[in-house]
*Asks:* 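First the structure, which I've put down as C-alpha cells, then a few questions once you've had a look.
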Protein chains: 2
Amino acid sequence: MKQPGGGRHTIRDVAQAAGVSISTASNALNGTGRTNPETREKVRRIADELGFRPNALARGLLTRRSHAIGMLTNDTYGRLTLPMAAGVSEILVDHGVSLFLCATNNDPRLSRLHLEALLDRQVDGIIFTATRIDLEPPPELTKLNIPVVYAFAQGPSGSVSFHPDDAQGARLAVQHLQGLNRSRILHITGEQNYRAARIRAEAYHEIVGASAQVMFGEWSEEWGHAAIERVFARPGPRPDSIFCGSDEIARGVIDALRDRDISIPGDIAVVGFDNWEVVSKQTRPPLTTIDMELKELGHQAGLAILGLSRGEKLEPRVERLPCTLVARGSA
Amino acid sequence: MKQPGGGRHTIRDVAQAAGVSISTASNALNGTGRTNPETREKVRRIADELGFRPNALARGLLTRRSHAIGMLTNDTYGRLTLPMAAGVSEILVDHGVSLFLCATNNDPRLSRLHLEALLDRQVDGIIFTATRIDLEPPPELTKLNIPVVYAFAQGPSGSVSFHPDDAQGARLAVQHLQGLNRSRILHITGEQNYRAARIRAEAYHEIVGASAQVMFGEWSEEWGHAAIERVFARPGPRPDSIFCGSDEIARGVIDALRDRDISIPGDIAVVGFDNWEVVSKQTRPPLTTIDMELKELGHQAGLAILGLSRGEKLEPRVERLPCTLVARGSA
DNA sequence: CTGTCATGCTAAAACCTTTTAGCAGAAATA
DNA sequence: TATTTCTGCTAAAAGGTTTTAGCATGACAG
C-alpha cells in the first residue's frame, strides 16, 4: 500500500481516496473548520486504512512548533542525569513530543554545536541539566527566544529551575536518626564547593545544634573509609550515628565500620543520600538513605517546558522538590 | 537584528541584504551551481553577519533527510546503554546529525509510540539497543524502509549488529590468570539464559579444559557472596583464581574473600567483567577487569547508521568488537 | 421575489529551503 | 559574421502540511 517512491502516504493520497480536497481532508483529520460529520468520518476511516501519518517536518515548518525539545546535559550520562531524562521523556511522549539528547561532556565547543543544532531544528524548548550543581550554564542560553528550564542546575535570575530540596532531605535524615534516639550525629559529606553539600550541611547544623560536626571530603567510597579511620584515630566520644552525603560515602563508611566490628545500626546507625540502588541495596546491612526523586524532578521539568512551549507564562522560581527517606537496615 | 516575528533570519533576508536572488544565495552558501567567487564571498559574509542558519525542518522536508536518527533503548538508562549512547552521539554530532533518545522501558505501547514518532519525524535511521541481549527486537523494525542497526542486541538475519566479543573477552581474562600461573580457575557468572553468559562460559571452558567449573547465578553482588560461601562450604581443593561474569559479582566475591581473610591476589586472584568504574575502582584491592569498550561500540554503530542513511550498502553481519583488559590490583 | 445567513466545501497562500530549467550577455569558435 | 559555448544569475517548482478567504448551495426572513 506504500507509494512507489518508497515513502509514505501523504494527505494528498487521503484526500484523493476520499474524493475531497486537501483542505477538507486536513480539516476532517484535525477537527478544524466546518466539516460534515459524514465526510469527517469517511476521511478518517480512509486515513486509517492507508496508515496515513502526517509529516512532522512539514507540519512543524508551518506551525512553527517542532514538537521536539532538547536536553542539554553536562556529564557523560551520569547516574543523576539519567533518571531525570527518563522522567522528562515519560511526560513528553504522551504529548507527542520527542526528546533530543545532547551530551556536552563539559566541552564548550560541543555545547555550542549541540545548541545550534537544536535551534536549527526549531525545538520548542530546552532543558538544561548539570551534574555539578555549581557549574554556570552557558550564557548563550539566557538570550534564546525559546523557553529554557533548568533541572538540577542553577538558572540565571528570572528563570525556572528545579532542584531536589537538599535541606529538607538532610532534615529527614537527621530527624530519622534522632527518632532512633541518637544524639551524637556525625555528618560525613563530599566537596565543600558543591552547593548541595553546603546546603545539606547547613540544614544538619541547624537541627543538631552545638554537637554538630561536619567532615567535608570527596564524593567517593574511599573518603568514607578515610573519614572513619580519622574518627577512630582521635580521642573523645564516638558518634552513635552518621549521616553521609552520598551512598558511595556511606558504603565506605559501612565497610570501614564492619572492619572494626562495629555493629550497624546497633552501635552506629548510618544514613546515606541518593538512593542509588546499586550501592544502597548492596551494603551490609542495606542502606537507609534519602531519595531525591529524580524521576519526579524530570516529570516536573517536562511539564514546565511543555507549558512554556505552549506559551503559558510560568512565574520564575527555584522549585525545590521534596526528598523521601527509604528505610532499609542501616538506620 | 532579529526579525520582528520573534524568529530568526531566513535565506530571504540574506538574499535581500546581498542584493541577489534566493537561489543565488542558496547556491553561494552551499557551494552548488555556478557562482561568481566574489558574489559567493559576499553572500557568505552577510549570512555570517546576520547569523543566518538554515531551517532544518524546511531543508529536511525538501531533501528527505532529516539529519536525525533515533535510538530506541530497552531499559531505563542502564549503565550499558549509556556509554554507548554517548559514543553514538559523539560520532553523529560532527556530521550535523542529532539523536532522539527513546526509552521504551520494555513497554510495547511505548515502543510503538516512540517508533511512530520517529517515523513521523522522518529520521534517517534507527539504532536499536537492548540490555537483555536475548530480548527479541520488535518485529515492526524489520519491515521499516529506513536503515536499522542493532547494538548490544541480536538483530534478525540480514541485519547489521554490533556486540562486544564476549568470547575474546573471556579468553583475555582467563589467559591473564594463566599468565599469573593460576591453574585452578573458577568461573562465577550470571544467569544462564543470558546469551553473553553462555558465550563467556563456553570460551572459558575451551581454554581451561577439564578443570573448568562454572557457577551460574544472578548478576548481583549478593550472588558473589553466596557463591563463595558455597565454595568454602564444600570439601576439596580451593580455586587459586576466580573469573567473574560481572564487576558486581566480583565485588561480592572480593568482599566475601576478605571476610575470610583470604589475600587477594596472593591466595586467590580475581578478574571481573564490565569495567564499571564505580564498582571496579572501589573494591579492595581495585578490580582487574574486562572492558567491553561500549563507547567504541557506540562509535561503530553510529558510523554504520550514518553510512546506511547515506545509501551506502553495508553487508549484513554480526560484528564483534574486541574487549580489553584493565589491570588493577586484584589479579 | 429579494436579501441574508449558515453550511460544506475548495483554491491558494504560506512556511523555508533546494534544485531544475532557462535566460541574457560575453567570449570563443567556425 | 554567424554560431556555439560558457558564465553568472534568476524564476519557479517542489516538498507536505495548515490556514485563510471565498464560492456555491440551499434555507430562511422580510
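In this text the structure is predicted, and so the values were computed from the model without any measurement. The chains referred to below are lettered A, B, ... by the order of the sequence lines, with proteins before strands, and numbering in each begins at 1.
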*Asks:* Considering only side-chain heavy atoms of B/P54, which listed nucleotide, C/dA14, D/dC9, C/dT17, is closest?
*Replies:* C/dT17

*Asks:* CZ of B/R12 versus C1' of C/dT18: gap in Å, rounded?
*Replies:* 15 Å

*Asks:* Take atom CZ of A/R317 as the centre, draw a 6.0 Å sphere, and report whether it contains more than 12 heavy atoms from other residues, nucleotides or ligands.
*Replies:* yes

*Asks:* Heavy-atom nearest nucleotide on DNA chain C for A/T63 versus A/V20: which residue maps closer to 5'?
*Replies:* A/V20

*Asks:* For B/L57, report the nucleic acid contact type (base, sugar-phosphate, nothing); a contact means any heavy atom under 4.0 Å.
*Replies:* nothing

*Asks:* Rounded to whole angstroms, how far apart are CG on A/L62 and C1' on D/dT20?
*Replies:* 11 Å

*Asks:* Which of the following nucleotides, D/dG15, D/dT18, C/dT10, is nearest to the side chain of A/N30?
*Replies:* D/dT18

*Asks:* Roughly, in whole Å, what's the span from NE2 in B/H67 to P in C/dC16?
*Replies:* 19 Å

*Asks:* It should be established whether B/T24 places a side-chain nitrogen or oxygen under 4.0 Å from OP1 or OP2 of nucleotide D/dT10.
*Replies:* yes

*Asks:* Would you please confirm or rule out a distance under 4.0 Å between OP1 or OP2 of D/dT10 and any side-chain N or O of B/S21?
*Replies:* yes

*Asks:* Within a reach of under 6.0 Å around CZ of B/R12, are more than 12 heavy atoms found that belong to other residues, nucleotides or ligands?
*Replies:* no

*Asks:* For A/F100 and B/F100: C-alpha separation, side-chain torsions, deciding distance, then whether ring pair (Phe, Tyr, Trp, His ring centres under 6.0 Å) applies.
*Replies:* CA-CA 5 Å; A/F100 281 115; B/F100 281 115; 3.9 Å; yes

*Asks:* Between B/R40 and D/dG8, is there a contact of a side-chain N or O with OP1 or OP2 at under 4.0 Å?
*Replies:* no

*Asks:* Distance check needed: D/dG16 P versus A/R65 CZ, whole Å only.
*Replies:* 23 Å

*Asks:* By nearest nucleotide on DNA chain D, pick out whichever of B/R59 and B/T39 is the more 5' one.
*Replies:* B/T39

*Asks:* Please check the phosphate of C/dG8 (OP1 and OP2 only) for any side-chain N or O of A/R34 closer than 4.0 Å.
*Replies:* no

*Asks:* Separation of A/I11 atom CD1 from D/dG16 atom P, in whole Å?
*Replies:* 12 Å

*Asks:* Over how many whole Å does the gap from B/N55 atom CG to C/dT18 atom P extend?
*Replies:* 10 Å

*Asks:* Examine C/dT7: is either OP1 or OP2 under 4.0 Å from a nitrogen or oxygen in the side chain of A/N36? Give yes or no.
*Replies:* no

*Asks:* How many whole angstroms separate atom CG of A/N27 from atom P of C/dC9?
*Replies:* 10 Å

*Asks:* If you count every heavy atom of other residues, nucleotides or ligands that lies below 6.0 Å from A/E312 atom CD, does the total exceed 12?
*Replies:* yes

*Asks:* Could you check whether the side chain of B/S23 and the base of D/dA11 have a donor-acceptor pair of N or O atoms closer than 3.5 Å, going by distance alone?
*Replies:* yes

*Asks:* Write down the distance between CD (B/E38) and C1' (D/dC9), rounded to a whole number of angstrom.
*Replies:* 14 Å

*Asks:* Using a 6.0 Å cut-off, check whether atom CD of A/E41 has over 12 heavy atoms from anything other than its own residue.
*Replies:* yes

